[in-house]
Protein chains: 2
Amino acid sequence: MRHSGTTLTDVARAAGVSLSTASLAFSGAGPISDATRDKVLAAAAELGYHGPNPVAASLRRGRSGVVGIVMGAAVRRAFRDPVSIQFLDGIVATLAAQGYGTLLLSTPEAQELPDALLTHGAMDAAVLTAGALTSRRTLAALRARGVPMVQLGGTGRHGPAVRARDKQGMKLLGEHLRERGHERVAVATLPWHVEPRSGPVDLASARRATSPITARRLDGLREAGIEPVAAWECSASLVEEGIAAGKELLAARPTALVGFTDLIAAGLLLAARDAGLAVPADVAVAGFDGVDLPWLGEVRLTTAVQPTADIGRLAAEAAVTLAEGGTARSVTVDVELRLGTTT
Amino acid sequence: MRHSGTTLTDVARAAGVSLSTASLAFSGAGPISDATRDKVLAAAAELGYHGPNPVAASLRRGRSGVVGIVMGAAVRRAFRDPVSIQFLDGIVATLAAQGYGTLLLSTPEAQELPDALLTHGAMDAAVLTAGALTSRRTLAALRARGVPMVQLGGTGRHGPAVRARDKQGMKLLGEHLRERGHERVAVATLPWHVEPRSGPVDLASARRATSPITARRLDGLREAGIEPVAAWECSASLVEEGIAAGKELLAARPTALVGFTDLIAAGLLLAARDAGLAVPADVAVAGFDGVDLPWLGEVRLTTAVQPTADIGRLAAEAAVTLAEGGTARSVTVDVELRLGTTT
DNA sequence: CACGGGCCGCGAATCGATTCGACGACCGCC
DNA sequence: GGCGGTCGTCGAATCGATTCGCGGCCCGTG
């Protein structure tokens, strides 16, 4: 963006027209004769001018054609989790198709650093990702700027939310397990609170999880009439965490293992195999998300499938609507049970 | 970005100072007394003003604090491949740490649509990703705008390139296999040409691959003195492709299978297991990239490890340097052999 | 031939800041 | 007490476009 040299003024001069006419030739917003347009475009080509400076246009228009994705401090985590990647994927693809750019923003670690958002947050709308326990400062800044926000999997407090029916999904899964006659179910959950940790959870005495996803998924199981015989908190959605959880949970002699994500469930499955148990004969395994796990080979995990691509798309569409001055409502999408070979 | 209402002018008026002084209070670039600054900041807080409008600042400064990542038409692909995700991860994290935002750009499918780049490409530098056979128009636009470019894994034709020593990596891998006494090596490659396909490759008659990565990796194997007994082209870096390739390649009775990526190699491994072959006793398997494959369980894949995080970081650093007017040189990073349990 | 209406091109204001030279006040020193 | 030097503040120009109202010209019509 350093001074590219030729500006629209130069082009106008070269074409022998006024600045305003030259602008019209590019934007097409207004009456202009073909002859004049061609003249301007020819002059532009001559000078190597490739269209109006986006920054200047944004300033004047008051819109930048960019939607920000606010990832909080969790950039790295977001890129390691297949589900958030699928969200991102859906968002970026949809935005691109609508002619919008995507600005990835993370709140810097150091609190007092100039927030990137404040420095170059030229966006027409923002998508707040779930993992990001977005800082109050960030939210305040966005709000003050008048940037409309869409929340991914959140509460909808800061704007319309797009989320999956987590509870319903887990309920379906739980009912399925009960139908199969499983009474002793052990769960490997996602983190319960802001500070993630790995370790056992005593369900009888535990306070309700403050992390909404964990709370909702557990609620779903319970609504299906399942009270887990053992629970293990995984600090993240990782196969390794699932393996570790599985090793511990199997001590409770469960007939079914439920992972709060497919990666965790895959870990549970590997742990069960390692322990010499046959799946599903000796122990059933189920997950949540519906991510692709081609490496399980012939085995297909029973899981509650979130339509991740749709969620991303819906979030992007809502963001675009808001960016263009419209209004959008929260959407909750259904989660579907996909029966595999593990239950 | 729709008119947020309060501007720096309002703040200045409320604080009883001039516009220029108010600007100084925020930018800190220039002499200003503490008292005045506090007065301005207080007035700003009062009015709910959260810092200067980034677009206006960008226009004036001539820099936007944003680095674009150009993904060509391959957005979706980029989000499905763990290696490019790791690149992205490294880039985004580094840029964020330096106070830069990251703009994800994809050339739209439809050729004649207004290129997002042209419409809102407010960036100080761009990183061209490898997969993206970036359209000439995009390149021309960037060049004309004077946006400096860094190439990821490219040829360095459009700017400094950051790449891995692919050939050396494959050579190390090949030498390792030869030391182990493997003479019959079969390979599952990445796509050879712009148009990816899945299918057998007749190495004897095949033209050199036009895809640089494929060509360089194959060269590496050959430099190690390995002339594959069979080759299969995979259309993408996917486990499924590797499985399919494995099924076919095993017909040639190889003693070792080399996948051009770890995902492909993982597929080869699964295919070998499926065929009832023990790894590495009956057939050895090796890959390239060094991605995390926790689901292989105890098995660790022998592979040539690219320092993906470093590559991302270096690309981002080069981009920042260029953005700030400096110059950067191409960097080629070493690939390391990591011995696993599969050879 | 005169008048009304389109069509097109032009001027000028504006978006919201940054930045630099100029200027005023205040201090200290001789 | 006067003068030079700082420190801080202010004005004004500028970044590169968009947009809207105005007006000239040409054509058709009465």
Side-chain angles (χ1 to χ4, degrees), chain A residues 1-40 43-44 47 49-65 114 118-122 124 144-146, chain B residues 1-40 43-44 47 49-65 118-122 124 144-147:
Chain A
M1 237 34 333
R2 194 130 28 275
H3 59 160
S4 63
T6 71
T7 73
L8 191 53
T9 309
D10 302 329
V11 174
R13 187 171 330 148
V17 301
S18 76
L19 173 58
S20 36
T21 302
S23 173
L24 257 35
F26 281 97
S27 70
I32 188 174
S33 70
D34 290 348
T36 312
R37 190 202 337 274
D38 292 348
K39 197 166 56 177
V40 173
L47 294 174
Y49 179 84
H50 273 256
N53 179 324
V55 178
S58 297
L59 174 58
R60 186 61 245 259
R61 286 211 163 104
R63 325 198 311 97
S64 61
L118 302 173
T119 319
H120 31 253
D124 297 340
R145 285 260 164 67
Chain B
M1 251 9 358
R2 196 130 26 274
H3 60 161
S4 64
T6 72
T7 71
L8 192 53
T9 310
D10 302 328
V11 174
R13 188 171 331 148
V17 301
S18 77
L19 173 60
S20 31
T21 303
S23 173
L24 256 35
F26 281 97
S27 69
I32 187 172
S33 71
D34 290 348
T36 312
R37 190 206 331 275
D38 291 347
K39 198 166 56 177
V40 173
L47 295 174
Y49 178 84
H50 273 256
N53 179 322
V55 179
S58 298
L59 174 58
R60 186 59 244 258
R61 285 213 164 102
R63 327 197 310 96
S64 61
L118 302 173
T119 318
H120 31 253
D124 297 340
R145 284 263 163 66
V147 177

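Reminder, nothing fancy here: chain letters follow the sequence lines and each chain counts from 1.
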Presence of A:S18 side-chain N/O under 4.0 Å of C:dG9 phosphate oxygens OP1/OP2 | no
Between A:S20 and C:dG11, does any side-chain N or O lie under 4.0 Å from OP1 or OP2?
-> no
May I have the distance from A:D38 (atom CG) to C:dC8 (atom P), rounded to whole angstrom?
-> 13 Å
Run the numbers on B:T7 and B:N53 for side chain to side chain contact (heavy atoms under 4.5 Å, CB included), then give the verdict.
-> CA-CA 8 Å; B:T7 71; B:N53 179 322; over 6 Å; no
Whole-Å distance between D:dG11 P and B:L24 CG?
-> 14 Å
Between B:F26 and B:G51 the two heavy atoms that sit nearest each other are CE2-CA, 4.1 Å
Give the C-alpha distance, both sets of side-chain angles, the deciding distance and a yes or no for side chain to side chain contact (heavy atoms under 4.5 Å, CB included) between B:L8 and B:Y49.
-> CA-CA 8 Å; B:L8 192 53; B:Y49 178 84; 3.7 Å; yes
Please determine if a side-chain N or O atom of B:Y49 lies less than 4.0 Å away from the OP1 or OP2 oxygen of C:dA17.
-> yes
Look at A:T9 and D:dA17 and indicate whether a side-chain polar atom (N or O) is within less than 4.0 Å of OP1 or OP2.
-> no
Would you mind classifying the nucleic acid contact of A:F26 as base, sugar-phosphate or nothing, using non-hydrogen atoms under 4.0 angstrom?
-> nothing
Please state how far atom CG in B:D10 lies from atom P in C:dA17, giving the value in whole angstrom units.
-> 9 Å
Is the side chain of A:R63 donor-acceptor paired with the backbone N or O of A:S58 at a distance under 3.5 Å, no angle test?
-> no
Heavy-atom nearest nucleotide on DNA chain D taken for B:L59 and for B:T36; more 5' hit belongs to B:T36
Contact summary for B:S64 and B:A122, nearest pair of heavy atoms | OG-O, 2.9 Å
Does D:dA17 have OP1 or OP2 sitting under 4.0 Å from an N or O in the side chain of A:T7?
-> yes
Interatomic distance, A:L19 CG vs C:dA12 C1' [rounded to whole Å] = 11 Å
Whole-Å distance between D:dT19 P and A:R63 CZ?
-> 10 Å
Just report the end-to-end axis angle for the helix from C:dC1-D:dG30 to C:dC30-D:dG1, five pairs per end, to 10 degrees.
-> 50°
Which heavy-atom pair separates A:L24 from A:P31 by the least distance, and what is that distance?
-> CD2-O, 4.0 Å
Check whether any side-chain N or O of A:T21 sits under 4.0 Å from OP1 or OP2 of C:dC10, and answer yes or no.
-> yes
Would you say the side-chain atoms of A:S23 and A:S20 include a donor-acceptor pair closer than 3.5 Å?
-> no
To the nearest Å, give me how far apart CZ (A:R61) and C1' (C:dA13) are.
-> 18 Å
Rounded to the nearest Å, what distance is computed from the CZ atom of residue B:R60 to the P atom of nucleotide D:dC15?
-> 7 Å
Quick one: A:N53 CG to D:dT14 P, roughly how many Å, whole number?
-> 18 Å
